[in-house]
Amino acid sequence: MSKQKLELTWIGKEKRPKLEPRILLEDPEKSYHAKYQVSDNDIFDNRLIFGDNLLALKTLEQEFSGRVKCVLIDPPYNTGSAFKHYDDGLEHSIWLGLMRDRLEIIRRLLSEDGSLWITIDDNEAHYLKVMCDEIFGRANFVSNAVWQKKYAPANDALWLSDSHDHILIYAKSKQVWRPNKLPRTAEQNSLYKNPDNDPRGPWMSDNYTCAKSVDERPNLFYAITNPNTGEEIWPKKTRVWAFDQATHKRHVAENLIYWGKDGTNSTPRFKKFLSQLRSLGRVATTVWLHEEVGHNQDANREQQALNPSDPFKTPKPERLTHRIITLATNPGDLVLDSFAGSGTTGAVAHKMGRRWIMVELGEHCHTHIIPRLKKVIDGEDKGGISESVAWEGGGGFRYYRLAPSLIVNDRWGNPVINPEFNAAMLAEALTKLEGFTYAPSETHWWQHGHSSERDFIYVTTQNLSAEQLQVLADEVGQERSLLVCCTAFHGVTAAKAAERWPNLTLKKIPKMVLARCHWGRDDYSLNVTNLPMAEIEKAEPAAPSNSVKNTKSRKAALDNAGQGGLFGENE
C-alpha cells in the first residue's frame, strides 16, 4: 500500500520520446521591428519560433528554465477530428501522452512565482486536470475558471447547448504565487456616493458589526449612542460591534459613522472612502462572463478585421487573453504560448508591455501571425484591446526556425553529422547537447561555450593528434577544464589521454551523442491522424532527410560540416 499512488493511466504512458534539443536559426528577413522607438518601455527581444512545439520547448529549456512568468496555451481540444482513425482508448492515450510531454517541460520553464493557464473544453478537461495534478502537484491547482464563450443557446443541440470552456490554472508553487487584482469597474465605483459632501470624496457605508458573539469578544459588547436621537443602542449578543470602544470614539471624532439619510438609523454604519481603499483592484472570480472577456463572435470579428480574406478559424478574443495576462504577470514579465494559433497571446502581451515567446508549426505562422504582429508593432491594429490600453505601436520580435536534426543517415545507413550544419551550428548544437552555454570566445579559439567560469567546451571536426592535444592542454592550463569534441584522435588512447592531460576530456563526434535522442524526427504535433502509435514508442535510428538524399559519403558529410575549423583556425 505504501508504494501505491493515485494517478491517471493510459495506453503507452510509460513511453517517452528522447527529444533532441535543437538550436534556433534566426531569419532576419522575417524578424520585424518598429522603425522608431515609441517609448522607453518598448520590447524588441520577443521570439516567434516556427517548428514543432515539443521540440521547441525542449530547445528553450536550457536557456529559460525558471524564467517564464506565465504560460498560456490553447491546445487542440481533441474533439475527434484529429483522431478519426483511432478507437476511443488510443485516441485519448495519444492526446494525453503528447500533452504530458509538453507539460513536464512547461513546468520546468516556469519561475517559482509563475503560473500555467490552459483553455480546454469538456472533451478532455477532466482527464487533463487529473494529469496536471500529477505533474504540478494537486496542491498547486489554483482554480478552474469558466469562460462563457457563447452568449446564445444553440436551439439545434441534441442534449445541452455548449456555452463555456474551461481555463485550468496551476501555479508552479501555490504558496508563492498570487494573482494580481483586476481593475475596478465603473459600475463598482458608482456604488460610492457622497450624500453629505464629505471633503474626502465618495464613500459607501459598511456593516459596523462582526460575526463574533459576546462570549467570544466581550470587549466588543457595549452601548453606542445615536447623537441625533440620543438613543442608546446595543449590538446583538450573537453579533457584536466590529470595533472596541476606543476605536469607536476615534471614528466619531473623524466623522466615520453614518446614521442614515435622516440620521435616525437604528444601527450605525461605517464610512469607507473610495480614495482610501487598500487596493484599487478587485478579486477575480471563477466565472468569466462574455460581457467582460468577450466571446467567440468577438474573436471572429477581430480576425475578420485583421485578415478578411482568410480569417483564422478558432481564435480567442483579445479581452480573454488580456484578463489572463493581467492576473498572471506584470510589465516586463515573460509570457510563453507554445500553441500560438493566430498569435493572440503575443499580440496582447506586446500591447501590454510583456515580453513573449510564441511557437507555431502551421503555415499560418507566416500567413496570419507575422502579418498580425507587424500591424501591432506599426500601431495599425486598432482592434481588440488596443484602445483600452492606449496602444500606439513599437517594439519588435525575432523570427526563428528550428534547425534540422543534427544527426542523419548517409546513403549506406551510417549516422553522420547533417551536412546542413556549418561549423558554428555544429559547435552550438553539441554545446547545447552537453549542457554548456554557447558563448564563443573572441580571444581563445578553443572556447566555444562554458558551464562554469573554469569549465569549457571545444568542438571540431578535426582528427586531433597527440601534439595538438598537448597544445590544447597547455593553453587551457591546470586551473581550467575542457571538454574536447572531435571526429577522432590518434597517437594516444582515451585512457592514456586522461592520465596525460587531466584537464582534458575527449569525446568523439558523432558517437558521443548517438544514443541521446530520437534523431531525424521533426513533427511531434497533436494532429496525428497518420501517426501510428508504434512510431511514438520505438526509438528509431536517424532518418535521412530531404536535405541529405544526395550525400555521397560519411566523410563528405563530416568534411562539409567542419572545413577550415569553426572560426577559420588551423586546428
Do [X] and [Y] have a side chain donor and acceptor closer than 3.5 Å?
X      : Y      : result
Asp122 : His166 : yes
Arg108 : Ser65  : no
Arg22  : Thr59  : no
Asn41  : Ser39  : no

Between the side chains of [Y] and [X], is the shortest nitrogen-to-carboxylate-oxygen separation below 4.0 Å, so that they form an ion pair?
X      : Y      : result
Glu61  : Lys58  : yes
Glu380 : Lys374 : no
Glu63  : Arg47  : yes
Asp215 : Lys237 : no
Arg301 : Asp298 : yes
Glu292 : Arg282 : yes
Arg217 : Asp244 : no
Lys149 : Asp165 : yes
Lys172 : Asp113 : no
Asp198 : Lys271 : yes
Arg398 : Asp45  : no
Lys375 : Asp381 : no

Look at the side chain of [X] and the backbone N and O of [Y], then say whether any donor-acceptor pair between them is shorter than 3.5 Å.
X      : Y      : result
Lys193 : Ser190 : yes
Asp337 : Met358 : no
Asn53  : Phe339 : no
Arg319 : Glu291 : yes

Glu318 vs Thr321, test: side-chain hydrogen bond (donor to acceptor under 3.5 Å, both in side chains). Steps then yes/no.
CA-CA 5 Å; Glu318 287 200 8; Thr321 304; over 6 Å; no
Is the distance between the ring centroids of [Y] and [X] under 6.0 Å?
X      : Y      : answer
Tyr192 : Phe273 : no
His290 : Trp147 : no
Tyr222 : Trp234 : no

Could you grab the distance from atom CD1 of Ile357 to atom CG of Leu57, nearest 0.5 Å is fine?
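Output value for this atom pair is 9.5 Å.
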Go through the steps to decide whether Trp10 and Tyr127 satisfy the test ring pair (Phe, Tyr, Trp, His ring centres under 6.0 Å), and finish with yes or no.
CA-CA 10 Å; Trp10 61 85; Tyr127 288 93; 9.5 Å; no
Applying side-chain hydrogen bond (donor to acceptor under 3.5 Å, both in side chains), which residue pairs with at least one partner in residues 128-143 are found, sequence neighbours left out?
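The answer is Lys13-Glu134, Lys129-Asp133, Asp133-Tyr170.
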I'd like to check Arg269 versus Ile257 (side-chain heavy atoms, cut-off strictly below 4.5 Å). Are they in contact?
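In short, these two side chains do not touch, never coming nearer than 4.5 Å.
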pair Leu116-Phe136: side-chain heavy atoms closer than 4.5 Å
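Yes, close enough: below the 4.5 Å cut-off.
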Output, in order, the C-alpha distance, side-chain angles, deciding distance and verdict of side chain to side chain contact (heavy atoms under 4.5 Å, CB included) for Asp74 and Thr345.
CA-CA 10 Å; Asp74 181 24; Thr345 297; over 6 Å; no
Of Trp241, Tyr208, Phe243, which meets ring pair (Phe, Tyr, Trp, His ring centres under 6.0 Å) against His248?
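Answer after filtering Trp241, Tyr208, Phe243: Tyr208.
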